[in-house]
Enquirer: 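Got a structure for you, written out below as structure tokens; questions coming shortly.
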Amino acid sequence: MSDEGGTPVLRAPAHRVSPRAVPYWTVTALVGDAVLVGAAVVAWLVVPGVPDWAGLLVLLLAVAAVAHVVLMPRIRFRVHRWEVTDTAVHTREGWIGRQSRIAPISRVQTVDSRQGAVMRLFGLASITVTTASAAGPITVDCLDDETARQVVARLTAITAATEDDAT
């Protein structure tokens, strides 16, 4: 792709993460935010001498937590994308800020998959592609577990066939 002046234009990666990522991110945000708001409420009620306006802060924290649980998963789903080609691994992620990463296949050192207990309940897995880069590994979160297995197998085959050294 290129713009009118012939300058190459980076397109978005081709694939979205699993639609089950939305309920997964919702549940994980809900649990984390419930613990945070619960601790704030307990501190407000139990700690002696807390000023009256602290209740307003706890209420604002609760409202922010609800907004986080409702909005964050949907925004992340719209933004998160990934693609693996014969030449590169490309990801885009974020929900407030955006990060796009491209790693040439020749720089790939390891490919790992991860599936925690909650991810397993949702049939999701994440893959991490470690490269010879100071920027660190590239992670693709919330793929269908079967898709994750296929991507790991494909990356393994592509990198095994690549003659360049990933150092």
Side-chain angles (χ1 to χ4, degrees), residues 1-36 64-167:
M1 266 186 200
S2 61
D3 65 9
E4 293 176 16
T7 305
V9 175
L10 182 64
R11 65 173 174 76
H15 308 291
R16 288 188 184 268
V17 298
S18 172
R20 291 191 303 268
V22 174
Y24 168 75
W25 286 325
T26 301
V27 166
T28 56
L30 182 62
V31 169
D33 289 357
V35 168
L36 179 66
V66 168
H68 176 247
V69 168
V70 170
L71 297 175
M72 177 275 296
R74 287 151 186 81
I75 295 169
R76 280 182 79 177
F77 181 73
R78 289 180 53 206
V79 172
H80 278 53
R81 291 182 170 273
W82 64 278
E83 184 172 4
V84 173
T85 68
D86 291 342
T87 58
V89 177
H90 184 189
T91 62
R92 184 181 70 188
E93 63 184 16
W95 69 280
I96 293 177
R98 304 284 189 271
Q99 180 180 16
S100 185
R101 301 270 315 269
I102 300 173
I105 290 295
S106 63
R107 305 290 284 171
V108 173
Q109 293 179 326
T110 62
V111 180
D112 303 305
S113 62
R114 177 180 52 85
Q115 188 180 43
V118 179
M119 288 184 101
R120 203 170 23 259
L121 288 173
F122 286 91
L124 300 171
S126 293
I127 62 168
T128 300
V129 179
T130 304
T131 64
S133 166
I138 293 178
T139 301
V140 183
D141 286 322
C142 295
L143 297 176
D144 291 322
D145 51 5
E146 180 58 32
T147 301
R149 281 191 289 276
Q150 291 171 358
V151 170
V152 168
R154 181 166 184 235
L155 277 169
T156 302
I158 293 170
T159 56
T162 302
E163 293 182 19
D164 294 335
D165 185 10
T167 56

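Scope of the values below: all heavy atoms of this structure, side chains included, with no hydrogens, waters or symmetry mates.
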Enquirer: So Tyr24 and Phe122, would you call those rings parallel, tilted or perpendicular, with 30° and 60° as cut-offs?
Expert: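 Because their plane-to-plane angle is over 60°, the rings of Tyr24 and Phe122 count as perpendicular.
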Enquirer: Write down the atom of Arg154, the atom of Asp86, and the distance for their closest heavy-atom approach.
Expert: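 Heavy atoms of Arg154 and Asp86 come nearest at NH2-OD1, 3.2 Å.
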Enquirer: Can a side-chain donor-acceptor contact be found between Asp144 and Ser18 if the only test is distance below 3.5 angstrom?
Expert: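 The answer is yes; a qualifying pair exists.
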Enquirer: Would you give the length of the straight line joining atom SG of Cys142 to atom CZ of Arg20, rounded to the nearest 0.5 angstrom?
Expert: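 Answer rounded to 0.5 Å: 10.0 Å.
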Enquirer: For Ala65 and Asp33, which heavy atoms make the closest approach, and how far apart are they?
Expert: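 Answer, listing the atom of Ala65 first, then Asp33: O-OD2, 3.3 Å.
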Enquirer: Report yes if the side chains of Leu155 and Ile105 come closer than 4.5 Å at any heavy-atom pair, otherwise no.
Expert: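 Sidechains of Ile105 and Leu155: in contact.
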Enquirer: Side-chain contact, heavy-atom cut-off 4.5 Å: Arg101 with Val140?
Expert: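 They are not in contact (no side-chain heavy atoms under 4.5 Å apart), so the answer is no.
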Enquirer: Glu83 and salt bridge (Lys or Arg N to Asp or Glu O under 4.0 Å): which single residue from Arg11, Arg92, Arg16 fits?
Expert: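 The residue from Arg11, Arg92, Arg16 that satisfies salt bridge (Lys or Arg N to Asp or Glu O under 4.0 Å) with Glu83 turns out to be Arg11.
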Enquirer: Specify the closest pair of heavy atoms between Thr26 and Val22, including all atoms of both residues, with the distance to one decimal.
Expert: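 In terms of heavy atoms, the two residues are closest at OG1-O, 2.7 Å.
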Enquirer: Can you tell me if Arg74 uses its side chain to pair, donor with acceptor, with the backbone of Val70 under 3.5 Å?
Expert: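 Confirmed, Arg74 side chain pairs with Val70 backbone.
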Enquirer: Taking all non-hydrogen atoms of both residues, which atom of Gly123 and which atom of Gln115 are closest, and how far apart?
Expert: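 Nearest pair, atom of Gly123 first, then Gln115: C-NE2, 4.4 Å.
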Enquirer: Taking all non-hydrogen atoms of both residues into account, name the closest pair between Pro137 and Thr128 and its distance.
Expert: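 Closest approach of Pro137 to Thr128, heavy atoms only: CB-CG2, 3.5 Å.
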Enquirer: Tell me the closest heavy-atom pair linking Ser126 and Met119, and the distance in Å.
Expert: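 Residues Ser126 and Met119, closest heavy atoms: OG-CE, 3.1 Å.
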Enquirer: State, yes or no, whether a side-chain contact exists between Thr130 and Asp112 at a heavy-atom distance under 4.5 Å.
Expert: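 Yes - at least one pair of side-chain heavy atoms lies under 4.5 Å apart.
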Enquirer: Does the side chain of Trp82 come within less than 4.5 Å of Val151's, by heavy atoms?
Expert: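 Yes, their side chains come closer than 4.5 Å.
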